[in-house]
Amino acid sequence: MSPLDATTSAPDAIVSVRGLSKHYKSGLRALNNVDLEIRRGEIFALLGPNGAGKTTLISIICGIVNGSEGSVHVDGHDIVRDYRAARGLIGLVPQELSTDAFETVWATVKFSRGLFGKAPNPVHLERILRDLSLWEKKDSKIMALSGGMKRRVLIAKALAHEPRVLFLDEPTAGVDVELRHDMWEMVRRLRESGVTIILTTHYIEEAEQMADRIGVINRGEIVLVEEKNTLMQKLGKKQLTLSLQSPLESVPEGLREWPLELSGDGQCLTYTFDTQGNDTGIAMLLRKLGELGIDFKDLHSSESSLEDIFVSLVRGGV
Amino acid sequence: MNIHAIRAIYRFEMARTFRTLMQSIASPVLSTSLYFVVFGAAIGSRMGAIGGVSYGAFIIPGLIMLSLLNESISNASFGIYMPKWAGTIYELLSAPVSYVEVVIGYVGAAATKSVILGLLILLTARFFVAYEIQHPFWMLAFLILTAVTFSLFGFIIGLWADDFQKLQVVPLMVITPLTFLGGSFYSISMLPPVWQKITLFNPVVYLVNGFRWSFYGQADVNVLVSAGATIGFLLICLGVVWWIFRTGWKLKS
Ligand SMILES: Nc1ncnc2c1ncn2[C@@H]1O[C@H](COP(=O)(O)OP(=O)(O)O)[C@@H](O)[C@H]1O
Ligand SMILES: [Mg+2]
């Protein structure tokens with residue numbers, strides 16, 4: 001992780017957060033000197049356990065919570081001094097399902113567009129509702145919709161004013177598979193049209209599938225920001241698992257130089273290695289097994305997922 | 001100026017009224033009609049005229065003010081309290097709108113409803129008592145000024161309240177007593193001398209009397225004092241709203 005230059009931001013940064021801290025009145029320090037740059041047009045995933053400060057960070061950028069120290073610029077506009085320009089560029093899908101129960105879908109989406117200062121555009125709104133499979137429901141009252149449908153409505157509201165930066169705060173929490181799929185389709189389409197997307201999620205597979213870059217936040221501090229692929233390479237570990245012909249009592253003396261683990265029933269040997277190293281040691285290991293007369297019926301290798309990486313990061317294991 | 005935002009908020013609020021037409025228009029009109037029947041027709045026929053105006057006609061401006069205050073406060077406070085309660089306020093807070101635009105939208109809609117309601121009550125009164133309006137322009141001016149001022153006041157209550165009880169406590173415990181004691185049903189000259197002095201601290205007295213002057217050309221207090229007091233209260237409310245939005249008090253953590 002390279003420290004950010006405090007005075008200049010990268011030319012391709014659309015959101016730049018500098019030295020941002022937040023103390024809630026309760027005395028809790030939810031964010032601690034956060035520096036973060038989001039690049040124009042990327043999909044950025046912010047990962048972190050519950051209470052890490054993800055929602056607080058997003059809320060400050062969007063103007064819902066006041067920051068205590070530091071500054072945020074959106075496309076060069078200070079979010080406090082130049083809030084109109086900054087906020088006009090942003091769309092937010094909040095974590096909570098907060099909707100106007102008595103409004104119709106159409107009315108609420110139309111309201112959002114107006115609120116963000118855009119002239120009415122029924123064609124655009126229709127396209128959004130169709131993309132989100134909400135068109136048939138456009139005259140329904142929101143309270144009559146299911147949770148998943150309400151989530152779609154919130155997305156439609158966030159997109160109504162054609163934002164350039166879209167924040168999705170845990171968009172897939174408690175959402176069915178179909179909606180998840182639709183949502184990622186939409187996110188990809190938006191990205192193609194140049195929209196920058198920042199999402200927080202618990203589901204690491206999502207970050208893995210969708211994101212260009214990943215930031216990890218824990219206890220109000222950004223622990224790491226990295227290209228997803230680099231991150232996977234750097235921290236990724238591979239495992240080789242061998243299913244043995246006949247069970248072993250313990251790992252034989254002759255195999256001590258490899259970090260091996262034997263399963264409880266003695267049927268499987270697992271070898272963990274870094275993908276970084278030039279020599280994985282696999283060839284040597286297999287030769288040694290042959291010498292010792294240990295036969296195996298099957299072998300497979302697996303790559304550690306972001307989940308593993310994440311857990312080790314948050315536990316302070318890096 | 002984000003005109004589209006003002007329009008969006010205003011429309012949203014007006015739509016809410018029309019959804020709840022019974023509650024927001026029909027019920028105040030009905031209850032005021034009952035006042036006319038009881039005080040204007042039944043009891044009023046036994047009461048002497050006040051300053052040459054029949055009792056039934058005398059109470060019309062006061063009754064309209066009564067509804068106007070209550071409805072302005074409840075409409076505006078409810079309008080801004082609901083999004084806070086439902087959590088939809090996030091959108092307002094994240095929108096590129098200034099507090100001026102938010103206030104124009106919410107308070108404008110609440111005041112519009114109140115003015116419509118006031119005019120409806122005025123029409124309804126025609127069925128029960130004969131009255132005249134000597135200064136229609138001033139009548140309308142007072143109606144609008146009061147509606148705006150108390151919608152603004154209600155807006156502040158809605159921002160301040162963090163539960164339904166607080167939302168209702170001010171209208172119930174402060175406004176209702178003040179309006180009943182504010183000379184809606186009597187001329188303050190009918191009170192004992194000490195109370196005549198004390199009553200002058202009640203702001204509603206100025207509203208009711210200014211309004212009554214526009215009908216019958218006579219009132220307990222000078223009409224300019226009435227207008228001045230109302231405008232003064234309006235400015236105080238504007239100051240408070242400005243401060244709330246500047247500091248984010250009760251709105252942003
Ligand atoms: N309005 C608030 N007042 C006080 N503390 C808060 C408030 N909102 C959030 N917090 C606290 O700040 C921390 C970060 O919360 P949040 O940003 O919601 O985390 P996340 O979205 O990563 O789960 C948590 O400890 C949470 O309890
Ligand atoms: Mg959160």
Side-chain angles (χ1 to χ4, degrees), chain A residues 22-26 28 30 55-56 58-68 77 79 82-104 107-108 110-121 141-143 154 157-158 160-161 163 167 169, chain B residues 1-24 75 78-106 108-109 158-159 162 243-253:
Chain A
K22 172 66 187 176
H23 328 262
Y24 281 111
K25 279 204 199 76
S26 59
L28 186 111
T55 300
T56 302
I58 289 182
S59 299
I60 293 174
I61 300 173
C62 294
I64 299 165
V65 167
N66 290 324
S68 306
H77 307 289
I79 57 156
D82 204 2
Y83 70 93
R84 265 190 215 275
R87 292 183 192 174
L89 295 168
I90 297 177
L92 165 67
V93 181
Q95 184 175 352
E96 304 293 332
L97 274 183
S98 313
T99 50
D100 289 302
F102 304 104
E103 288 291 309
T104 64
T108 200
K110 195 169 157 227
F111 171 80
S112 296
R113 186 173 169 91
L115 193 62
F116 277 76
K118 286 285 177 83
N121 183 347
K141 290 228 157 86
I142 298 172
M143 63 182 164
L154 288 181
K157 281 168 76 72
H161 66 282
F167 286 91
D169 197 358
Chain B
M1 205 68 161
N2 186 344
I3 298 292
H4 292 296
I6 297 176
R7 202 175 286 160
I9 296 171
Y10 186 87
R11 286 226 182 103
F12 179 92
E13 283 298 294
M14 292 309 280
R16 194 167 60 81
T17 312
F18 290 115
R19 263 201 315 267
T20 54
L21 208 57
M22 280 303 286
Q23 200 185 323
S24 41
N75 273 328
F78 205 72
I80 191 68
Y81 178 76
M82 276 310 284
K84 282 204 317 176
W85 179 77
T88 51
I89 190 94
Y90 83 86
E91 199 178 18
L92 196 64
L93 295 177
S94 66
V97 291
S98 72
Y99 94 96
V100 177
E101 290 145 6
V102 174
V103 169
I104 293 175
Y106 277 102
L159 286 172
D162 31 33
W243 176 81
I244 289 176
F245 275 86
R246 202 180 54 104
T247 60
W249 182 72
K250 295 260 187 183
L251 277 176
K252 290 190 190 187
S253 40

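Quick caveat: nothing in here was measured; it's all calculated off a predicted structure. Numbers restart at 1 for each chain; the letters A, B, ... are given by sequence-line order, proteins then strands.
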**Message:** When you compare the side chain of A/E96 with that of B/Y90, does any pair of heavy atoms fall below 4.5 Å?
**Reply:** no
**Asked** Heavy atoms, side chains only, cut-off 4.5 Å: are A/F116 and B/V97 in contact?
**Response**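 The answer is no; the side chains never approach within 4.5 Å.
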Which atoms of [X] come close to chain A, meaning under 4.5 Å heavy atom to heavy atom: side chain ones, backbone ones, both, or neither?
| X | answer |
| --- | --- |
| B/L92 | both |
| B/R7 | neither |
| B/R11 | side chain |

Under 4.5 Å from any heavy atom of chain B, what part of [X] do you find: side chain, backbone, both or neither?
| X | value |
| --- | --- |
| A/S112 | both |
| A/A86 | neither |
| A/K22 | side chain |
| A/Y24 | side chain |

Write down the atom of [X], the atom of [Y], and the distance for their closest heavy-atom approach.
| X | Y | answer |
| --- | --- | --- |
| B/N2 | A/R84 | CB-NH1, 3.6 Å |
| B/S98 | A/Y83 | CB-OH, 3.1 Å |
| B/P96 | A/L115 | CD-O, 4.0 Å |
| A/T99 | B/A86 | O-CB, 4.5 Å |

**Request:** Give a yes or no on whether the backbone of B/H4 and the side-chain of A/R113 come within a donor-acceptor separation of less than 3.5 Å.
**Result:**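 Such a contact is absent between A/R113 side chain and B/H4 backbone.
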**Item:** Residue among A/T108, A/L92, A/D100, A/I90 with most heavy-atom pairs under 4.5 Å to chain B
**Value:**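 Option with the greatest count: A/D100.
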